[in-house]
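So the structure is just underneath, and the comments pick up after that.
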Amino acid sequence: MRGLKQSIRMEILSALSGRADVLLYVLSGMANPIVMLALWFAVSASGGRLPLSQQGIINYYIYLFIIELWISAWQSPFISADIRYGRLTPYLLKPISYFIYEFGGNLGEKIMKSAYLLPIVIGLGVLLKAQIPQLDFLQWGIFALSWFLAAILMFCVSCVIGISTFWLDDSSSLDSAFDLFYFVFSGRTFPLIALPLIMQGIGKWLPFRYMLSLPLEIVSGMLKTGEMMTGLFVQCLWTVFFLTLLGLLWRLGLRKYSAVGA
Amino acid sequence: MKRYLRLFLVNFRYCLLRVLEFRAEVFGWTFSSLFWALLSLFVTNLIFGQVDSIAGWTKNEALVLSVTGSMFNSILWFFVIPSVLDFGEKIRKGDFDFYLLRPVNSQFLISISRFEFDNYLRVFVMILLLYKLVPQAGVFIGPLNILGFILLLGFGLIIYYSFFFMITTLGFWLINMESLEDLFDTAITMGRYPTDIFNGAVRAFFFFIIPMAFVATFPVQVLLGKAGFELVFVGLVTAVIFLFLSGHFWNFALKHYSSASS
């Protein structure tokens, strides 16, 4: 636990020392939702049919902004580099798991990004008149759990991709493939209901929806309580799957790693 | 002049040989980059849904924009961005002092240091797609339109190169610039949409801070006859200004450079 707190602290200090860097990252992250919002407004102004109402679209992207702050996990290139350059060894000698470091770094990054971005998003939300979600007590509980699971799932998946480097030498092609599917099926760029029905059906079984879209759909009021529960169940399954996969691949990979004499 | 051309070709050949060493990766990247390009077409299709036109652009025209944007992206990632990103890294590590000791213009040397061949196929596919899509737009395309299109693309590349180079040069003072790649990506992807979707104030901000219109909007406007040939001269003047600024900023930065070791 103390190791976790320390690595969170390290990440925050590192981010504070590279303030301009964080600012650039934050600004880049803001651009996509803003462009998508402008695009949907233009569609509606030209008489097109939106996947949600105009107010619904505004709510969707504002919630997306906020929710994504605490879900995003970008571990895979760093883990991949650590493995490739043999930098894992010092971590393996410590009495704490390597993933505590990674998770701490991830949490620290989330704290920093929230500090920078939350004021901006809330300002944007007020400006665009986004609404506060109308959920009952149970639904808020489901949302909170779903948000938490999405963050865990995303973290696990990015770690799994990173440790594929034990076998693949470079995780960048897997990363790219993941990014592609994530782009389409996670609801990050456009709401999933904008997709053709067949793809929506496929999307309900893939893990990508459960990395972002599910909590977003819940809080946007797009689902009935029954659907929320089903979604939550599938999300649990995928999370357990990737947690197990991570543990398994890590053990297998370490065996291979030490065999090379690192 | 000949010396610079020869240096360019030598570096190009060197990078090509290095890439061919890892042929399997080239295979993977070829398909990956193609999928990304097709994805952007898919998204454009999705957004249009049943509406005929958005912000004065028909679906077909928007597809042309998307393809042009992909082409622009591919060329930038081929020739410009890897070198600029390397440059950012080298400032941080203090590695680039050697570039200053060579008897050639240092800005040039840094800017040609690396080429990435990942996107080579995408450029050709995009040209083929343009060949197919443009006649469907139903406007007369004369040789002047095509010339204007190519020229504006070229000027756009110069503008974006100068813009990225100037931002990276800020690394002399800000040191930690790891998020540049995100910023560059955002700046290019935003240009894939018609700038008309933004209303006046937002558009002015984006136009003067990030010259997005040059990615796709301006070249396609000239190609499809939505704007006159005069736009090419706007491009020429802007390109010259940006290039001039980047050179001057570079010299200014060098004067204030404090190396990591000396």
Side-chain angles (χ1 to χ4, degrees), chain A residues 14-51 74 77-78 109 113 168-185 189-196 199, chain B residues 22 24-25 27-29 31-33 35-36 38-40 42-58 62 88 92 118 167 170-171 173-187 189-199 202-203 206 209-210 212:
Chain A
S14 155
L16 283 175
S17 78
R19 288 179 295 274
D21 188 51
V22 181
L23 186 67
L24 279 180
Y25 179 67
V26 152
L27 286 178
S28 319
M30 276 178 55
N32 195 38
I34 291 180
V35 173
M36 290 313 292
L37 268 174
L39 209 57
W40 289 122
F41 285 165
V43 171
S44 142
S46 305
R49 196 182 55 92
L50 292 178
W74 195 227
F78 299 108
E109 187 188 318
K113 280 197 316 190
L168 294 179
D169 280 338
D170 189 2
S171 66
S172 46
S173 27
L174 252 183
D175 253 328
S176 196
F178 172 77
D179 279 342
L180 210 72
F181 281 97
Y182 185 77
F183 187 88
V184 178
F185 287 110
T189 320
F190 45 79
L192 288 185
I193 40 177
L195 283 173
M199 294 187 73
Chain B
F22 300 96
E25 269 209 22
F27 196 70
W29 277 110
F31 284 102
S32 176
S33 83
F35 277 124
W36 275 108
L38 294 175
L39 185 67
S40 68
F42 170 76
V43 174
T44 309
N45 241 320
L46 201 72
I47 291 177
F48 266 84
Q50 286 98 20
V51 74
D52 271 332
S53 85
I54 297 177
W57 291 79
T58 65
R92 200 166 63 88
D118 298 351
I167 295 201
L170 284 174
W173 292 274
L174 300 173
I175 313 292
N176 195 1
M177 303 275 277
E178 284 163 348
S179 299
L180 280 178
E181 193 171 328
D182 291 303
L183 183 71
F184 293 168
D185 223 14
T186 308
T189 356
M190 286 180 76
R192 193 165 287 174
Y193 304 104
T195 48
D196 302 283
I197 60 172
F198 301 108
N199 66 18
V202 181
R203 201 198 307 189
F206 281 129
I209 310 294
I210 303 176
M212 291 188 316

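So that the names make sense, note that chain A is the first sequence line, chain B the second, and so on, each numbered from 1.
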Check: Given a strict heavy-atom distance threshold of 4.5 Å, which part of B/L46 is in contact with chain A: side chain, backbone, both, or neither?
Finding: side chain
Item checked: Within-4.5 Å side-chain heavy-atom neighbours: A/F185 and A/L195 -> yes
Next item on the list: For the residue pair A/S176 and B/W36, establish whether any side-chain heavy-atom pair is separated by less than 4.5 Å.
Entry: yes
Check: Can you name the residues that form a side chain to side chain donor-acceptor pair (under 3.5 Å) with B/D185, not counting sequence neighbours?
Finding: none
Next item on the list: Apply side chain to side chain donor-acceptor pair (under 3.5 Å) to B/S40 and list each qualifying residue two or more places apart in sequence or on a separate chain.
Entry: B/S66
Note to self: Which atoms of B/Y193 are under 4.5 Å from chain A, going by heavy atoms: the side chain, the backbone, both sets, or neither?
What the structure shows: side chain
Check: Quick one: what part of A/F41 sits under 4.5 Å from any heavy atom of chain B, side chain, backbone, both or neither?
Finding: neither
Checklist line | Most contacts with chain B, counted as non-hydrogen pairs under 4.5 angstrom, among A/A38, A/S44, A/A177 | finding: A/A38
Margin query: Walk me through whether A/M199 and A/V184 qualify under side-chain contact (heavy atoms from CB on, under 4.5 Å).
Written below: CA-CA 9 Å; A/M199 294 187 73; A/V184 178; 3.9 Å; yes
Margin query: Counting only non-hydrogen atoms closer than 4.5 Å, does B/F42 touch chain A with its backbone (N, CA, C, O), its side chain (CB onward), both, or neither?
Written below: side chain
